[in-house]
Number of protein chains: 2
Amino acid sequence: MPAHDDARRRAEELALMLSDLGMQRMSARVMAAFLFTDRPTLTLGELAEELDASQGSVSGALKSLHHVGMLERVPVPGSRRDHHRLRRDAWERLFSSQNEAVRRMMAAAADGIAATEADSPARGRLQEMHDFYTFMFRELPLLFERWRAERDSRD
Amino acid sequence: MPAHDDARRRAEELALMLSDLGMQRMSARVMAAFLFTDRPTLTLGELAEELDASQGSVSGALKSLHHVGMLERVPVPGSRRDHHRLRRDAWERLFSSQNEAVRRMMAAAADGIAATEADSPARGRLQEMHDFYTFMFRELPLLFERWRAERDSRD
DNA sequence: GGCGACCTTCAGAAGATTCCGAAGGGTGTG
DNA sequence: CACACCCTTCGGAATCTTCTGAAGGTCGCC
């Protein structure tokens, strides 16, 4: 099997996994394409052809991947196409979108606590929930910092 | 507005958020019901009535919530119904289902690395991915340990 | 200012999820 | 051992997502 076909197959498998984990299907396929390509950057047209998908859906996927910060646009003088590539910290960004989720859970718990009577069972459960997400909200950014420090010290 | 209706409204809002974050809709509603109820345990029939949903769909939701370890069955002598309640560490369990996802990402990256040529751009990107998830896979369980220690020291 | 290249948006089709309600199985009781 | 109660399973309907293909917008160049 040609190397390129092998890469393509692996990319599709990874895309399936990402989509299992909640990423939209086309975003996952685009993501995987960026990961496995040997080109420095990819354009919308190249992606659409590689993935055998419409430019419309690739456009939507690119938009959302830029939105979560996993991709960046790369200026290429002399080309009118948009050139995209994976950001170095793409995976960290993907993971830390969790952070926003954690913040929302923390806030929801706080709301619930404010609305329940002290000593009620519901209050107790909401307090447990709030404590946990407060801890995570504090610690996750610190964990990312440690990750960056470890990575940078290796370079 | 009666307190119970208020709780119900808040529960539905939280359910919506959980479902945004990827939880199945009915599981999210059941989860929220457990969080906001003032009863010590809930049965399938009670949940179906409270949520105005069929017993069938509540049954499916209960099954999957038990599967991820957020609920536990509580023996109630003299009752033929199954009584369920939220586990104290439900949120930690929900979050740590992430852990499995991290492990899979780490493994996928390792596979990719093994299949690409050294010095290729793809190899470099896969290595970045692998490093990140390896770090997370190591650190997340430690973070949970710290959480439990902090919680227990408060009790 | 017209043209060509490129990207985005959108309506509708195709596909996947999710839910209900009925049927069926299991278990304890009289 | 027949019944009552409770839970689960499953087919099909309803709903929501996601994709395509076409139309339209933007920008630079001649």
Side-chain angles (χ1 to χ4, degrees), chain A residues 11-12 14-34 39 41-68 70-85 97, chain B residues 8 11-34 39 41-68 70-85 97:
Chain A
E12 288 297 343
L14 179 66
L16 227 46
M17 177 183 306
L18 284 169
S19 125
D20 267 4
L21 303 180
M23 190 180 287
Q24 290 191 337
R25 184 99 212 290
M26 191 58 76
S27 294
R29 295 184 68 207
V30 167
M31 195 62 216
F34 274 106
R39 304 193 195 206
T41 63
L42 291 171
T43 67
L44 183 144
E46 289 165 353
L47 283 163
E49 185 176 5
E50 169 71 25
L51 299 175
D52 195 20
S54 73
Q55 292 200 343
S57 43
V58 173
S59 172
L62 285 174
K63 185 176 176 182
S64 82
L65 288 170
H66 275 286
H67 186 70
V68 297
M70 298 188 76
L71 296 182
E72 59 190 346
R73 258 174 260 276
V74 180
V76 175
S79 172
R80 290 172 56 185
R81 304 181 184 184
D82 278 353
H83 290 248
H84 310 267
R85 78 168 164 228
S97 69
Chain B
R8 190 181 299 201
E12 288 298 343
E13 278 173 17
L14 179 67
L16 229 44
M17 178 183 307
L18 284 169
S19 125
D20 267 4
L21 303 180
M23 188 178 288
Q24 290 191 338
R25 184 103 164 65
M26 190 59 75
S27 294
R29 296 184 67 207
V30 167
M31 195 62 215
F34 273 106
R39 304 192 194 206
T41 65
L42 290 172
T43 66
L44 183 144
E46 289 165 351
L47 282 162
E49 186 177 2
E50 169 70 26
L51 299 174
D52 195 19
S54 74
Q55 292 199 344
S57 41
V58 174
S59 172
L62 285 173
K63 184 177 179 183
S64 82
L65 289 171
H66 276 285
H67 186 70
V68 296
M70 298 188 77
L71 295 182
E72 59 191 346
R73 259 175 258 276
V74 181
V76 174
S79 171
R80 290 173 55 184
R81 303 180 183 182
D82 279 354
H83 291 248
H84 310 266
R85 77 167 164 228
S97 68

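Treat the numbers as computed from the prediction; the structure is a model and nothing was measured. Only heavy atoms go into these numbers, but all of them, side chains included; no hydrogens, no water, no symmetry mates.
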* Taking five pairs at each end of the helix from C:dG1-D:dC30 to C:dG30-D:dC1, what angle separates the two helix axes (nearest 10°)? -> 10°
* Asked: So how far is it from B:Met26 CE to B:Leu65 CG, rounded to the nearest 0.5 Å?
  -> 11.5 Å
* Rounded distance (Å) that lies between atom P of C:dT18 and atom CG of B:Leu51 -> 16 Å
* Do any side-chain nitrogens or oxygens of A:Lys63 fall under 4.0 Å of OP1 or OP2 in C:dC7? -> no
* To do: Taking ring-ring contact (aromatic ring centres under 6.0 Å, His included) as the test, write out the residues that go with B:His83, two or more places apart.
  => none
* Asked: B:Leu44 side chain: which of D:dT18, C:dT9, D:dT8 is closest?
  -> D:dT8
* Please state how far atom CD in B:Gln24 lies from atom P in C:dC20, giving the value in whole angstrom units. => 13 Å
* To do: Give a yes or no on this: more than 12 heavy atoms of other residues, nucleotides or ligands lie within 6.0 Å of atom CD of B:Glu49.
  => no
* Give the nucleotide from the list D:dT18, D:dT8, D:dC6 with an atom nearest to the side chain of B:Ser59. => D:dT8
* A:Leu21 side, atom CG; A:Met17 side, atom CE - distance, nearest 0.5 Å -> 7.0 Å
* **Value in whole Å for how far the P atom of C:dT8 lies from CG of A:Leu47** => 12 Å
* Is a donor on one side and an acceptor on the other found under 3.5 Å between the side chain of A:Arg85 and the backbone of A:Val74? -> no
* **Atom-pair distance (CG on A:Asp82; P on C:dC7), nearest Å** => 5 Å
* To the nearest Å, give me how far apart CG (A:Leu18) and P (D:dT18) are. => 14 Å
* Asked: Start at the 5' end of DNA chain D and walk down; is the nucleotide closest to A:Ser27 or to B:Gly45 reached first?
  -> B:Gly45
* Quick one: A:Arg25 CZ to D:dT20 P, roughly how many Å, whole number? -> 10 Å
* To do: If a protein heavy atom is under 4.0 Å from the base, mark B; if only from the sugar-phosphate, S; if neither, -; do that for nucleotides 21-30 of chain C going 5' to 3'.
  => B-----B---
* Which value, rounded to the nearest 0.5 Å, describes the distance between B:Met70 atom CE and B:Met23 atom CE? -> 5.0 Å
* Is there a donor-acceptor contact under 3.5 Å from the side chain of A:Arg81 to the main chain of A:Gly45? -> no
* Asked: Where do B:Arg25 and B:Leu18 land on the side-chain contact (heavy atoms from CB on, under 4.5 Å) test, with the steps shown first?
  -> CA-CA 8 Å; B:Arg25 184 103 164 65; B:Leu18 284 169; over 6 Å; no
* To do: Hey, could you give me the CG/CG distance between A:Leu42 and A:Leu51, rounded to the nearest 0.5 Å?
  => 9.0 Å
* Rounded to the nearest Å, what distance is computed from the CG atom of residue B:Leu62 to the P atom of nucleotide D:dC6? -> 15 Å
* To do: Using atom CZ of B:Arg29 as one end and atom C1' of C:dC19 as the other, report the distance to the nearest whole Å.
  => 11 Å
